[in-house]
Novice: 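Questions regarding the structure given below will be posed in turn.
Chain letters run A, B, ... following the sequence lines, proteins first, then strands; residues in each count from 1.
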Amino acid sequence: MTTRLQAPGFDLRHTLECGQFFRWTRTPDGYYVHVGGLLFAVRQHGDELLVEGAPASFARRFFSLDHDTPLIEERLLHDRRLREAVEVYRGLRILRQDPWECTVAFLTSAASNIPRIAANLADIAQAYGRPTARGGFQSFTFPRPDEIGDEEGLRKLRLGFRARYLVEAARLTRAGLLEDLEDLPFEEAREALMVVPGIADKIADCILLYAFGHLNAFPVDTWIRRVMRDMFFQGRKVPDSAIREFASERWGDWAGYAQQYLYIWARERRPVIYRETLAAGAV
DNA sequence: GGCCAGGTCCAAT
DNA sequence: ATTGGACATGGC
């Protein structure tokens, strides 16, 4: 049975493919999405989201259908520097992911890249999750913190130095770390997350933004650092803390959305930047 | 072969 | 307080 959700102004492709989430599979007319114990199918027809295999209440929350994106987009479009990115990727939503799975995803993201992160997560699910299927599509659930393997097992999955971090994160999550963040204000939740080895500013901000709905979080990774330097700091090297403060002052409670537009825009502009570099004779 | 990848940690300025 | 290298692995 299919659940239909009203989602005006929503863009499913931009939402799933903008680099915030890695457990999706594209099909000819939509996607399979793996999250929690669920494997659901989702496609978009105009202003409607058609979901098979997940309760409506879950899908509404996961896709953040409560976010006031018309307001957010309008405000960000007023920013000259952001306008092009927002116009190209309009309809993108910041998801509300499962906190544990999001933590694992971004712990594995250190010094990696999107295809590899997705492969690492698929390997973890295959090794420690349960088989599951929908509509002939086979997959695996993602292991809970008490089901994920030990360091040796994770290293066999080629997670490298990240294996130890995942083991510690699982232990702290079993002790209630992530549940306790739900009611904390941003700064306190951030401090609490950073007690996990392997989680510092950037990964903490990713988890707070993508799993806890802290839309003021502004994760500064190598792409954001580059585009922010170019756009706002005359290409100068500046500390990440200065970039975060600048974003907070300029975009406030919507800095997280600004970050996501800039991130996907900067990434997909890479070939252009490369050609310009070539033309400048730098290679 | 060397460098970089959605970083973080630790030691040496 | 800031900076360089190490940490595993893969891709170009």
Novice: For residues Phe106(A) and Tyr210(A), establish whether the separation of their ring centroids is below 6.0 Å.
Specialist: yes
Novice: Pick from Arg225(A), Lys202(A), Arg226(A): which one makes a salt bridge (charged side-chain N to carboxylate O under 4.0 Å, His left out) with Asp240(A)?
Specialist: Arg225(A)
Novice: Check the distance between dT8(B)'s C1' and Asp201(A)'s CG and give it to me in whole angstrom.
Specialist: 10 Å
Novice: Name the residue closer to the 5' end of DNA chain B, choosing between Ile114(A) and Tyr165(A) according to the nucleotide with the nearest heavy atom.
Specialist: Ile114(A)
Novice: Can Phe106(A) be classed as stacking with the base of dG6(B), given a centroid separation cut-off of 5.5 Å and a plane angle cut-off of 30°?
Specialist: no
Novice: Choosing from dA8(C), dG7(B), dG6(B), which nucleotide comes nearest the side chain of Arg267(A)?
Specialist: dG6(B)
Novice: Can you tell me the distance, in whole Å, between the CZ atom of Phe161(A) and the C1' atom of dC9(B)?
Specialist: 10 Å
Novice: Between Thr222(A) and dA5(B), does any side-chain N or O lie under 4.0 Å from OP1 or OP2?
Specialist: yes
Novice: Against Asp66(A), only a single residue in Arg60(A), Arg61(A), Arg96(A) fulfils side-chain hydrogen bond (donor to acceptor under 3.5 Å, both in side chains); can you say which?
Specialist: Arg96(A)
Novice: Hey, is the side chain of Arg226(A) poking within less than 4.0 Å of OP1 or OP2 on dA5(B), counting only N and O atoms?
Specialist: yes
Novice: Would you indicate what Ala200(A) reaches in the nucleic acid, counting non-hydrogen atoms under 4.0 angstrom: base, sugar-phosphate, or nothing?
Specialist: sugar-phosphate
Novice: Assess whether one donor atom and one acceptor atom, taken from the side chain of Tyr210(A) and the base of dG6(B), lie less than 3.5 Å apart.
Specialist: yes
Novice: Classify the angle between the aromatic ring planes of Phe58(A) and Phe62(A) as parallel (below 30°), tilted (30 to 60°) or perpendicular (above 60°).
Specialist: parallel
Novice: Taking the side chain of Trp223(A) as heavy atoms from C-beta outward, which of dG6(B), dG10(C), dT8(B) is closest to it?
Specialist: dG6(B)
Novice: Rounded to whole Å, please give me the gap between CG in Asp240(A) and C1' in dT3(C).
Specialist: 13 Å
Novice: Taking the minimum atom-to-atom distance to the side chain of Phe22(A), which one of dG7(B), dG6(B), dA8(C) wins?
Specialist: dG6(B)
Novice: Could you state the CZ-C1' distance from Arg244(A) to dG7(B), rounded to the nearest angstrom?
Specialist: 12 Å
Novice: Starting at atom CZ of Arg236(A), determine the distance to atom C1' of dT2(C), rounded to an integer number of angstrom.
Specialist: 18 Å
Novice: What's the closest nucleotide to the Ala111(A) side chain, out of dG6(B), dA8(C), dT8(B)?
Specialist: dA8(C)
Novice: Once you round it to whole Å, what is the distance between P of dG10(C) and CG of Asn120(A)?
Specialist: 9 Å
Novice: Quote, to the nearest angstrom, the C1' distance that separates dG11(C) from dT8(B).
Specialist: 22 Å
Novice: Should the ring pair Tyr32(A) and Phe137(A) be called parallel, tilted or perpendicular, given that the plane angle runs from 0 to 90° and is split at 30 and 60?
Specialist: parallel
Novice: Need one value for Arg155(A): base, sugar-phosphate or nothing, where a base atom within 4.0 Å counts as base even if backbone is also close, heavy atoms only.
Specialist: sugar-phosphate
Novice: Please state the C1' separation for the pair dG5(C) and dG2(B) - nearest whole angstrom.
Specialist: 16 Å
Novice: Among dT9(C), dG7(B), dG6(B), which nucleotide has an atom closest to any side-chain atom of Asn113(A)?
Specialist: dG6(B)
Novice: Does any N or O donor sit under 3.5 Å from an N or O acceptor when you compare the side chain of Gln20(A) with the base of dG6(B)?
Specialist: no
Novice: With no hydrogens and no angle check, do the side chains of Glu17(A) and Tyr31(A) hold a donor and an acceptor under 3.5 Å apart?
Specialist: yes
Novice: Please state how far atom CH2 in Trp265(A) lies from atom C1' in dG6(B), giving the value in whole angstrom units.
Specialist: 18 Å
Novice: When the nearest nucleotide of DNA chain B is assigned to Arg162(A) and to Ile203(A) on a heavy-atom basis, which residue is associated with the more 5' position?
Specialist: Arg162(A)
Novice: Start with the C-alpha distance between Tyr128(A) and Phe142(A), add both sets of side-chain angles, then the distance that settles ring-ring contact (aromatic ring centres under 6.0 Å, His included), and finish with yes or no.
Specialist: CA-CA 7 Å; Tyr128(A) 305 110; Phe142(A) 199 81; 9.4 Å; no
Novice: Taking atom C1' in both dC3(B) and dG4(C), compute the distance separating them and give it to the nearest angstrom.
Specialist: 16 Å
Novice: What's Gly198(A) touching, base or sugar-phosphate or nothing? Going by heavy atoms closer than 4.0 Å.
Specialist: sugar-phosphate
Novice: Under 4.0 Å between any heavy atoms, over every strand shown, what does Pro239(A) touch: base, sugar-phosphate, or nothing? Just pick one.
Specialist: nothing
Novice: Is any side-chain nitrogen or oxygen of Arg116(A) closer than 4.0 Å to OP1 or OP2 of dA5(B)?
Specialist: no
